Enquirer: 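Here it is: the structure, laid out below.
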Protein chains: 2
Amino acid sequence: MPSDHTRSAILAAAERLYADRGFGDVTLRDIVAEANVNLAAVNYHFGSKDELIAELFVTRSIATNRERLRELKAAEEAGGGRAPIEVILRALVRPTLRGCLGPENQRSTAARFMIRASIESVPPIRRIKNREIDHLRKFAGAMRRSLPDRSEVDIYWGLNFALAMAHHTIRESERLIKLSDGLCDLDDVEDVVQRVVSVATMALTAGRSEAKAPTRVAAR
Amino acid sequence: MPSDHTRSAILAAAERLYADRGFGDVTLRDIVAEANVNLAAVNYHFGSKDELIAELFVTRSIATNRERLRELKAAEEAGGGRAPIEVILRALVRPTLRGCLGPENQRSTAARFMIRASIESVPPIRRIKNREIDHLRKFAGAMRRSLPDRSEVDIYWGLNFALAMAHHTIRESERLIKLSDGLCDLDDVEDVVQRVVSVATMALTAGRSEAKAPTRVAAR
DNA sequence: GATAGTTTCATACAACTGTTTGAAATGCAA
DNA sequence: TTGCATTTCAAACAGTTGTATGAAACTATC
């Protein structure tokens, strides 16, 4: 069973290259060169380029979702079925932020690959991505249990904004550093997590506890 | 004088196709077919495919930035050099949101093209994009004048989060609709703007004693 | 109306893409 | 060893890409 080596070498090389340079710029020849295997090996082991990408994505997708759900479940069980909204949000955004930010040398290829996937959205990935909705629904459910007084629409908007801040900060991290002349320290991952979580929490709790609700007018 | 027609036909067709399908999937042959011109016309009028994309991007970039700055300046002049933070944020996110959301038939190709550009980030665009930082700095400046007590870091984070929510909502609008089973109404642009602005405002004013509920200014 | 300059056109080009092929090499069971 | 299946390999394939070419069709000036 030494044949397994070629297969996993391709997977590793492909993930690294995709994470670094995106899907558009990486060819099969780049991948096999990086993996030191023959060109035909990709089609032999995976069938096609798209299936290679798909396998890469499902593997990482499952792993990421499992990590997020593990944090979420632990929190809900500790709270007897209800977790504080901050903890839920933290479970949602922290795994990704930890993988993509922080000191350069300890960023995970896996997380960076997932970010690429969420950005470039090539056909094979787009097809799979719809399943992620079910995963997000679990978080929406937990949030609803945590904030039973909140309207369902507000829950979805809060979830959307939390993901927005985490994702965008990762994608545009370089620009933010340049814009702020280095003032914003993206290496301090826990600080970033805290900022995202606290803003998202405010978005979800404003008007219920101490803050006043934003007056919303139906523009129609 | 009919020669100018070819040039602008190419620009229009390219912008439409890029906005709809992204840069990766659109070839020169797609563009010239859509524009009903000869294949060689692109290289004749623009030099290369990259220069065509670049011209498209700088044109739209200037226009978008001008629109945002117009709203910002008007607000600051009306307030004697200081505009309320909500108004500043609204000037930042509304032009883009208006162009990319709302009823399908009235979305502007220009805005959708700019979103594509901000997502896919092909080389010719990435080179130009660094100038946008100067543009964002103007907004950071206005925000600093509006919230003089706020630390500079917080200003940049607030700016980052505001753009994050606007951008992400546009990019993932389909998913948000599906996730919420249609509960989130993205056709009501002013409501989306209000949500983004009010959360960003909270992020920027939280903790300050005079933090008050964001007030709606204009209901289009 | 001839001429010079611009613009269009069909076509060819060279480079690159993912994929296939068929033969060599390898591993493993008898 | 002999067989048989799996895996590797160099080479070629068919398709697409952006770009270049040179002749034709224009336009405007004299």
Side-chain angles (χ1 to χ4, degrees), chain A residues 1-58 113 116-117 120-128, chain B residues 1-58 113 116-117 120-128:
Chain A
M1 59 158 36
S3 71
D4 205 22
H5 165 264
T6 301
R7 204 187 135 89
S8 49
I10 292 175
L11 284 171
E15 182 170 46
R16 196 168 348 126
L17 289 178
Y18 284 143
D20 285 345
R21 295 160 35 191
F23 297 100
D25 294 343
V26 177
T27 74
L28 281 189
R29 284 168 176 83
D30 293 332
I31 294 173
V32 300
E34 180 86 358
N36 277 312
V37 300
N38 188 270
L39 172 60
V42 173
N43 288 277
Y44 176 78
H45 284 281
F46 299 93
S48 71
K49 185 191 186 183
D50 279 10
E51 289 176 83
L52 165 62
I53 295 180
E55 171 151 344
L56 227 33
F57 183 69
V58 297
F113 170 84
R116 283 284 183 191
E120 298 198 3
S121 178
V122 289
I125 287 185
R126 200 175 313 144
R127 259 173 279 145
I128 301 168
Chain B
M1 70 179 345
S3 71
D4 202 24
H5 165 264
T6 300
R7 203 187 136 89
S8 50
I10 292 174
L11 284 170
E15 182 169 47
R16 197 167 347 128
L17 289 179
Y18 283 143
D20 285 345
R21 296 160 35 192
F23 297 100
D25 295 342
V26 177
T27 73
L28 282 189
R29 284 169 176 80
D30 293 332
I31 294 173
V32 300
E34 180 87 358
N36 278 310
V37 301
N38 188 269
L39 173 60
V42 173
N43 287 276
Y44 177 78
H45 284 282
F46 299 93
S48 72
K49 185 192 186 183
D50 280 10
E51 291 176 82
L52 165 62
I53 294 179
E55 171 152 346
L56 227 33
F57 183 69
V58 297
F113 171 84
R116 282 286 182 191
E120 298 197 4
S121 178
V122 288
I125 287 184
R126 199 176 314 143
R127 258 172 280 144
I128 301 170

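Nothing here was measured: the structure is a model prediction, and the numbers come from that model. Just so we're on the same page: letters track the sequence lines, and every chain starts at 1. Scope of the values below: all heavy atoms of this structure, side chains included, with no hydrogens, waters or symmetry mates.
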Enquirer: Between protein and nucleotides 16-18 of chain C, what N or O pairs are separated by less than 3.5 Å?
Expert:
unit_1 : atom_1 : unit_2  : atom_2 : d
C/dG18 : OP1    : A/Lys49 : NZ     : 2.6
C/dG18 : OP2    : A/Leu28 : N      : 3.0
C/dG18 : N7     : A/Arg29 : NH1    : 2.9
C/dG18 : O6     : A/Arg29 : NH2    : 2.9

Enquirer: Among all residues two or more places apart in sequence or in another chain, which pass the ring-ring contact (aromatic ring centres under 6.0 Å, His included) test with A/Phe23?
Expert: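 ring-ring contact (aromatic ring centres under 6.0 Å, His included) list for A/Phe23, sorted by chain: A/Tyr18, A/Phe113.
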Enquirer: Scan A/Ala41 against the nucleic acid and name what it touches under 4.0 Å (heavy atoms): base, sugar-phosphate only, or nothing.
Expert: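 Counting heavy atoms under 4.0 Å across all strands, no contact is made by A/Ala41.
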Enquirer: Hey, mind stepping through A/Ile31 and A/Lys49 against side chain to side chain contact (heavy atoms under 4.5 Å, CB included) and telling me if it holds?
Expert: CA-CA 10 Å; A/Ile31 294 173; A/Lys49 185 191 186 183; 5.6 Å; no
Enquirer: When you measure from the side-chain N and O atoms of B/Asn38 to the phosphate of C/dA10, is any distance below 4.0 Å, counting only OP1 and OP2?
Expert: yes
Enquirer: How long is the line joining CZ of A/Phe46 and P of C/dT20, in whole Å?
Expert: 16 Å
Enquirer: Got A/Glu55 and A/His45 here, is their nearest side-chain heavy-atom distance under 4.5 Å?
Expert: no
Enquirer: Are side-chain heavy atoms of A/Arg116 and A/Val26 found at a separation under 4.5 Å?
Expert: no
Enquirer: With distance as the sole test, does B/Asn43 use its side chain to make a donor-acceptor pair with the main-chain N or O of B/Ala40 at under 3.5 Å?
Expert: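 Looks like no, no N/O pair under 3.5 Å.
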Enquirer: Would you say D/dT8 has OP1 or OP2 under 4.0 Å from some side-chain N or O of A/His45?
Expert: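 Yes, A/His45 has a side-chain N/O under 4.0 Å of OP1/OP2 on D/dT8.
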Enquirer: Could you check how far NE2 of B/His5 sits from P of D/dT27, rounded to whole Å?
Expert: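 One finds 14 Å between P of D/dT27 and NE2 of B/His5, rounded.
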Enquirer: To the nearest angstrom, how far is B/Ile10 atom CD1 from C/dT8 atom C1'?
Expert: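 These atoms are roughly 11 Å apart.
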Enquirer: Has B/Thr6 got a side-chain N or O lying under 4.0 Å from the OP1 or OP2 atom of C/dT7?
Expert: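 Result: no.
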Enquirer: Whole angstroms only, please: what is the CD1-C1' distance between B/Ile31 and D/dT16?
Expert: 15 Å
Enquirer: Go through the steps for A/Leu56 and A/Leu11 under the test side chain to side chain contact (heavy atoms under 4.5 Å, CB included), then give the verdict.
Expert: CA-CA 7 Å; A/Leu56 227 33; A/Leu11 284 171; 3.5 Å; yes
